[in-house]
Protein chains: 2
Amino acid sequence: MSAHAHPDLTRNQTLVFGALAGSVGPLSAYSILDRLRGQGFRAPLQVYRALDKLIELGLVHRLESINAFVACRQPECETHGSIAFAICDRCGSVSEFADDGVTRRLEGWAKAEGFDLNKTTIELRGRCRACRVA
Amino acid sequence: MSAHAHPDLTRNQTLVFGALAGSVGPLSAYSILDRLRGQGFRAPLQVYRALDKLIELGLVHRLESINAFVACRQPECETHGSIAFAICDRCGSVSEFADDGVTRRLEGWAKAEGFDLNKTTIELRGRCRACRVA
DNA sequence: TTGCAGATGTTATAGCATTACACAACAATG
DNA sequence: CATTGTTGTGTAATGCTATAACATCTGCAA
């Protein structure tokens with residue numbers, strides 16, 4: 001189901017990734033938990049620990065502005081400095097894209113300021129094309 | 001204390017803005033509440049309602065990646081499409097800046113995709129120059 | 001065998017945000 | 001004046017998000 005050849009995930013990590021990969025939109029940690037209760041999940045921490053690892057591996061992204069998570073849809077994800085997300089406030093769909101120009105400018109600012117950049121969050125909120133008309 | 005000539009704020013809004021303007025770093029809603037208990041604040045909602053209004057007026061920004069709020073430090077804030085924040089993970093300091101190139105590129109993507117852009121979040125996490133050495 | 005590192009399970013708790021309901025102040029309107 | 005609508009307020013309860021603390025287990029390397 002994954003677009004990546006990901007290294008050996010544990011059972012919990014596999015289940016959490018599967019839940020995200022099988023979802024059309026982003027999921028909150030607690031809704032992941034609910035989907036996995038049938039597989040033996042009982043506590044939030046089981047989800048959060050798996051998510052931490054999956055994010056570290058680059059297989060999952062966290063959407064800060066909605067406290068939710070998505071499986072990475074972009075195979076080249078790792079090669080880009082920063083990824084941007086467009087989140088539709090009506091249907092919840094998420095588009096993932098990379099813009100090297102944006103990355104360059106933000107990295108340029110950081111360099112000029114002496115800011116040791118660790119992670120960049122770029123999230124656009126609004127209405128996707130389909131929901132725009134409706 | 002404000003750099004803006006802001007329209008008539010209510011008592012609660014004034015108090016919340018004052019708390020943020022008088023703080024060196026960002027504050028969470030609950031820490032604002034604690035600072036204002038002496039002024040009669042008792043419930044989170046009093047803070048959140050004031051914050052909503054202040055954000056709407058452009059006097060306060062929400063930092064999505066740390067669930068906190070800052071008073072706007074940038075007088076020209078309104079004239080720029082999007083504002084970026086650099087948050088130091090060590091000392092908590094926040095730098096606010098606008099980059100028109102970044103704004104243009106993100107707006108360009110939105111236009112090309114037919115995405116009706118409402119709000120843009122750009123947050124850089126890392127270490128500020130001062131904390132970099134330490 | 002011992003020891004370590006990583007993953008797991010469980011309970012409890014901390015931190016962030018909103019719903020629901022009641023009331024007050026005020027302006028605009030008839 | 002009475003009415004109506006809008007905005008802000010106060011309060012209690014609740015819901016959602018995330019982590020701390022502690023015990024256990026598994027696999028692997030020394």
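All values derive from a computational prediction rather than experimental measurement.
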Detail all sub-3.5 Å separations between protein N/O atoms and N/O atoms belonging to nucleotides 8-11 of chain C.
| residue | atom | partner | partner atom | Å |
| --- | --- | --- | --- | --- |
| C/dT8 | OP1 | A/T10 | OG1 | 2.7 |
| C/dT8 | OP1 | A/N12 | N | 3.4 |
| C/dG9 | OP2 | A/N12 | ND2 | 2.9 |
| C/dG9 | OP2 | A/Q46 | NE2 | 2.5 |
| C/dG9 | N7 | A/R49 | NH2 | 2.4 |
| C/dG9 | O6 | A/R49 | NH1 | 3.2 |
| C/dG9 | O6 | A/R49 | NH2 | 3.2 |

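With rounding to the nearest 0.5 Å, the separation of CG in B/D99 from OG1 in B/T103 is 6.5 Å. Note: B/R125 CZ to A/K119 NZ = 8.0 Å, rounded to the nearest 0.5 Å. The line from NZ of B/K53 to CG of B/N12 is 13.5 Å long, rounded to the nearest 0.5 Å. Rounded to the nearest 0.5 angstrom, B/I66 CD1 and B/D89 CG are separated by 8.5 Å. Between B/I122 atom CD1 and B/E96 atom CD the span is 12.0 Å, to the nearest 0.5 Å.
Between the side chain of A/R62 and the backbone N or O of A/I55, no donor-acceptor pair lies under 3.5 Å. With hydrogens and angles disregarded, a donor-acceptor distance shorter than 3.5 Å links the side chain of A/E123 to the backbone of A/E64. Using modelled atom types, no side-chain atom of B/E107 and backbone atom of B/R104 make a donor-acceptor pair closer than 3.5 Å.
With the end axes of the helix from C/dT1-D/dA30 to C/dG30-D/dC1 each set by five pairs, the angle from one to the other reads 20° at 10° resolution.
First and last contacts of DNA chain D with chain A, using any nucleotide atom under 4.0 Å from a protein heavy atom and ordered 5' to 3', fall at D/dT17 to D/dA21.
When all heavy atoms of B/S23 and B/R73 are compared, the closest pair comes out as O-NH2, 3.0 Å.
The side chain of B/Y48 contributes an N or O atom lying less than 4.0 Å from OP1 or OP2 of C/dA17.
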